Amino acid sequence: MTAQQIVERSVLHYEIHPIEGPAPWMVFVHGAGGSTRTWYKQVEFFKGKFNLLLVDLRDHGSSKNLDGDGTVFDFESIAEDVVVVMDELKIRNAHFIGVSMGSIIIRQIEKMSPERVRSVVLAGGIFRMSKKINALSYLARTLTHILPFNTLYQLFALVLLPRNNHTASRKLFIREAKKLQRSEARKWLRLIKKLDRTLREMFAQRINAPCLVVMGAQDHVFLEPAKQYAEKYKGIFLEVIDKCGHVCNIEQAAAFNGHCFNFIVELESKSTQAIV
């Protein structure tokens, strides 16, 4: 089966691009306010090379609200959503690629189910919260009862992606975030409130799977913590792309795809050699 499939099940909406014959899976996890559309430049590049799975996290893209029945809403439950999709598709393990807050979801998956994670690639990885983001998230939670979420998200996007060369990624995320309802947006803002503690716990733990972190040199919020994390733990590979902001998989797709492809192919080659 080689044709693209877009499927909506009881858990998450997801999109797959399978290929004939044995090949590893790549699972793509977007950030807050994103969707499967976040990865359109990666689909163009990786389709036909690997099996691809792209998910819409709950409340995002075409995924339905899962919380109407009182479902717990936290990083663990969001990560479990992704694992459930893998189970539906009988995907034992995969190379995980995440952007922005998607990097936290992937780290949660590795913590919960390390056997499912062949490797980790974090684009614009979040390792610590800055005072600027903490203050902005507090302001957003305070104003969410007054201002439309779209206005608040545009403010977030402008802070994270302020330069002219960040325009394409900024517009994409603002467009996708408009699909969130006010009640859904509030849940995600409340989740950000828990983010500081979660990140402090994660910073104290090494990512055990082979890990590549790809950051933009203009990511003025998250680049330094990523450098600190890579310096703290051996085996965490860091690539910094010039003239690029937070969403490096869109702004500098060719460079990001190249780093990601080389990293995974080398891992697969080593795995094959070990088996032989």
Side-chain angles (χ1 to χ4, degrees), residues 11-12 14-16 24-36 38-39 42-43 46 50-61 63 73-87 89 91-129 188 191-192 194-195 197-215 219 222 225-226 229-230 233 235-239 246-250 256-257 259-261 263-264 267:
V11 183
L12 295 182
Y14 60 85
E15 174 182 323
I16 60 174
W25 280 88
M26 299 175 69
V27 176
F28 294 86
V29 183
H30 64 76
S35 73
T36 57
T38 302
W39 305 106
Q42 282 63 60
V43 171
F46 287 105
F50 299 94
N51 293 303
L52 309 183
L53 166 62
L54 301 85
V55 297
D56 279 333
L57 298 177
R58 61 172 71 188
D59 303 326
H60 290 70
S63 283
F73 185 71
D74 52 23
F75 288 112
E76 291 84 354
S77 60
I78 297 169
E80 183 62 28
D81 290 343
V82 179
V83 175
V84 168
V85 173
M86 294 177 68
D87 288 340
L89 295 170
I91 300 173
R92 293 177 58 189
N93 52 53
H95 299 283
F96 283 81
I97 299 87
V99 62
S100 195
M101 195 178 287
S103 66
I104 301 168
I105 306 305
I106 289 175
R107 293 203 61 188
Q108 187 64 50
I109 293 172
E110 193 215 20
K111 179 180 178 181
M112 294 164 47
S113 305
E115 74 282 358
R116 313 302 292 264
V117 183
R118 294 171 74 98
S119 74
V120 170
V121 178
L122 306 180
I126 299 178
F127 293 91
R128 276 183 173 164
M129 292 287 282
W188 283 82
L191 190 65
I192 293 176
K194 306 174 184 177
L195 192 53
R197 184 186 66 182
T198 299
L199 288 174
R200 278 189 270 112
E201 293 173 354
M202 287 184 169
F203 198 87
Q205 302 171 355
R206 184 188 183 280
I207 300 173
N208 291 316
C211 178
L212 170 66
V213 180
V214 185
M215 306 294 293
D219 190 341
F222 298 115
Y229 189 84
Y233 298 105
I236 306 297
F237 299 98
L238 174 65
E239 295 284 354
H246 181 56
V247 191
C248 52
N249 67 297
I250 294 177
F256 173 79
N257 292 342
H259 289 311
C260 187
F261 179 78
F263 176 71
I264 292 176
L267 288 176

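In this text the structure is predicted, and so the values were computed from the model without any measurement.
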Q | Validation row: Ile78, Gln108 side chains within 4.5 angstrom (heavy atoms) | A | no

Q. Between CD1 of Ile104 and CG of Leu195, what distance do you get to the nearest 0.5 Å?
A. 4.0 Å

Q: Kindly write out the residues that satisfy salt bridge (Lys or Arg N to Asp or Glu O under 4.0 Å) with Arg200, not counting sequence neighbours, or none if the list is empty.
A: Asp196

**Q.** Minimum heavy-atom distance between His246 and Ser100, given as atom pair plus value
**A.** NE2-OG, 2.8 Å

Q: Measure the acute angle between the ring planes of Phe50 and Phe261, then classify it against the limits of 30° and 60° as parallel, tilted or perpendicular.
A: perpendicular

(Q) Is the shortest side-chain heavy-atom distance between Ile97 and Met26 below 4.5 Å? (A) yes

Q) How many angstroms lie between atom CZ of Phe222 and atom CE of Met129, to the nearest 0.5 angstrom? A) 6.0 Å

Q.
For the CD atom of Glu239 and the NE2 atom of His259, what is their distance to the nearest 0.5 Å?
A. 4.5 Å

Q: Find out whether Asn249 and Val247 are in side-chain contact, i.e. whether some heavy atom of one side chain is under 4.5 Å from a heavy atom of the other.
A: yes

Q) Distance from Leu53 atom CG to Ile91 atom CD1, nearest 0.5 Å? A) 5.0 Å

Q. Do any pairs count as a salt bridge (charged side-chain N to carboxylate O under 4.0 Å, His left out) and have a residue in residues 111-124, sequence neighbours left out, and if so which ones?
A. Asp87-Arg116, Arg118-Glu268

Q: Provide the closest heavy-atom pair for Gly124 versus Cys248 in the form atom of the first, atom of the second, distance.
A: N-SG, 3.9 Å

Q) What are the two closest non-hydrogen atoms of Leu52 and Phe46, and how far apart are they? A) CD2-CB, 3.8 Å

Q: Could you tell me whether the side chains of Glu110 and Asn208 share a donor-acceptor contact shorter than 3.5 Å?
A: no

Q | Val27 versus Ala94, closest heavy-atom pair with distance | A | CG2-CB, 3.5 Å

(Q) Is any side-chain heavy atom of Tyr233 closer than 4.5 Å to one of Cys211? (A) no

Q: Grab the two heavy atoms, one from Ala79 and one from Met112, that are nearest each other, plus how far apart they are.
A: CB-SD, 4.0 Å

**Q.** Heavy-atom donor-acceptor pair, His30 side chain to Trp39 backbone, under 3.5 Å
**A.** no

Q: Give the intermediate values and the outcome of side-chain contact (heavy atoms from CB on, under 4.5 Å) for residues Asn51 and Ile16.
A: CA-CA 7 Å; Asn51 293 303; Ile16 60 174; over 6 Å; no

Q: Please examine the side chains of Ser103 and Ile106, heavy atoms only from C-beta on, and report whether any two atoms are closer than 4.5 Å.
A: no

Q) If you round to the nearest 0.5 Å, how far is CD1 of Ile126 from CZ of Arg107? A) 11.5 Å

Q: Identify, with sequence neighbours excluded, every residue that meets side-chain hydrogen bond (donor to acceptor under 3.5 Å, both in side chains) alongside Thr36.
A: none

Q. With a 3.5 Å cut-off and no angle check, do the side chains of His95 and Ser119 form a donor-acceptor pair?
A. yes

Q) Is there a side-chain contact between Met101 and Phe75, using heavy atoms and a 4.5 Å cut-off? A) yes

Q: Decide yes or no for Ile207 and Leu122: does some side-chain heavy atom of the first lie under 4.5 Å from some side-chain heavy atom of the second?
A: yes

Q. Given the rule in the side-chain contact (heavy atoms from CB on, under 4.5 Å) test, do Thr38 and Phe28 qualify, once you have shown the distances and angles that lead to the verdict?
A. CA-CA 9 Å; Thr38 302; Phe28 294 86; over 6 Å; no

Q) At what distance, to the nearest 0.5 angstrom, does CD1 of Ile105 lie from CD of Glu76? A) 9.0 Å

Q. Does Phe237 CZ have over 12 foreign heavy atoms under 6.0 Å away?
A. no

Q. Any side-chain heavy-atom pair from Asp56 and Leu12 closer than 4.5 angstrom?
A. no

Q | Shortest non-hydrogen separation from Arg58 to Ser77 and the atoms involved | A | NH2-O, 3.6 Å

Q: Evaluate the ring planes of Tyr229 and Phe203, with Trp represented by its six-membered ring, and classify them as parallel (under 30°), tilted (30 to 60°) or perpendicular (over 60°).
A: perpendicular

